Trainee: 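Just dropping this structure here.
What you are looking at is a predicted structure, and each value in this text was computed from that prediction instead of being measured.
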Amino acid sequence: MKLIFAIVNNDDAHSVSTALTKKGYFATKLASTGGFLMAGNTTFMICCENTSVDDAIATIAQNSHKRQQYVPSAASYSADAAPVSYPVEVSVGGATIFVTDIERFEKI
């Protein structure tokens with residue numbers, strides 16, 4: 001058995017959850033926060049058979065999308081003006097996925 005940790009942007013969490021449920025995967029959802037933008041994420045923990053890992057990952061990938069977003073950059077300073085912050089375009093979304101082995105699994 002394998003344990004999949006999938007960190008998904010909050011904008012995609014509902015569609016990922018719905019798609020996983022429709023395919024019969026049981027997932028535990030945890031609220032999490034990303035370090036770079038300090039934005040909200042959802043971390044899914046999915047336990048499945050080794051043969052189902054690729055299907056579960058494909059389901060997550062089909063329902064989590066990258067998108068461009070503007071965020072404020074660090075302030076620029078000049079000698080004669082006030083600090084100015086310019087927006088910078090960054091890529092957000094998608095999913096970060098980790099797969100680990102399960103030594104023991106019990107559902108009580």
Trainee: Would you say F98 ends up clustered with L30 if hydrophobic residues are merged whenever their side chains have heavy atoms under 4.5 Å apart, either directly or through other cluster members?
Mentor: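 The answer is yes; both residues are in one hydrophobic cluster.
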Trainee: Test of understanding: clusters of I, L, V, M, F, W, Y form through side-chain heavy atoms closer than 4.5 Å, transitively. Do V8 and V99 belong to the same one?
Mentor: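 Result: yes, single cluster for both.
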Trainee: Examine L3 and M1 and state if one hydrophobic cluster contains both, with Ile, Leu, Val, Met, Phe, Trp and Tyr joined whenever side-chain heavy atoms are less than 4.5 Å apart.
Mentor: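 Yes, it is one cluster - the side chains of L3 and M1 are joined through contacts under 4.5 Å.
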Trainee: Do I60 and F44 come close enough that some side-chain heavy atom pair is under 4.5 Å?
Mentor: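 No, their side chains stay 4.5 Å or more apart.
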Trainee: Indicate yes or no: at least one non-hydrogen side-chain atom of S64 is less than 4.5 angstrom from one of N9.
Mentor: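 In short, these two side chains do not touch, never coming nearer than 4.5 Å.
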Trainee: Does V53 share a hydrophobic cluster with I102, counting links as ILVMFWY side-chain heavy atoms below 4.5 Å and allowing steps through other members?
Mentor: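 No; I102 is not reachable from V53 via cluster members.
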Trainee: Using every non-hydrogen atom in the two residues, find where L20 and A56 come nearest and quote the distance to one decimal.
Mentor: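 It is CD2-O, 4.3 Å.
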Trainee: Within the 4.5 Å heavy-atom criterion, are K2 and T100 side-chain neighbours or not?
Mentor: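 No - every pair of side-chain heavy atoms lies 4.5 Å or more apart.
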Trainee: Please report the closest heavy-atom contact between H65 and D12, naming both atoms and the distance.
Mentor: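 Between these two residues, the closest heavy atoms are N-OD2, 3.0 Å.
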Trainee: From S52 OG over to I46 CD1, what is the distance, rounded to the nearest 0.5 angstrom?
Mentor: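 One finds 11.5 Å between OG of S52 and CD1 of I46.
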Trainee: Using the rule that Ile, Leu, Val, Met, Phe, Trp and Tyr join whenever any side-chain heavy atoms are under 4.5 Å apart, tell me whether I97 and F26 fall into a single cluster.
Mentor: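 They do not share one cluster, since no chain of ILVMFWY contacts under 4.5 Å joins I97 to F26.
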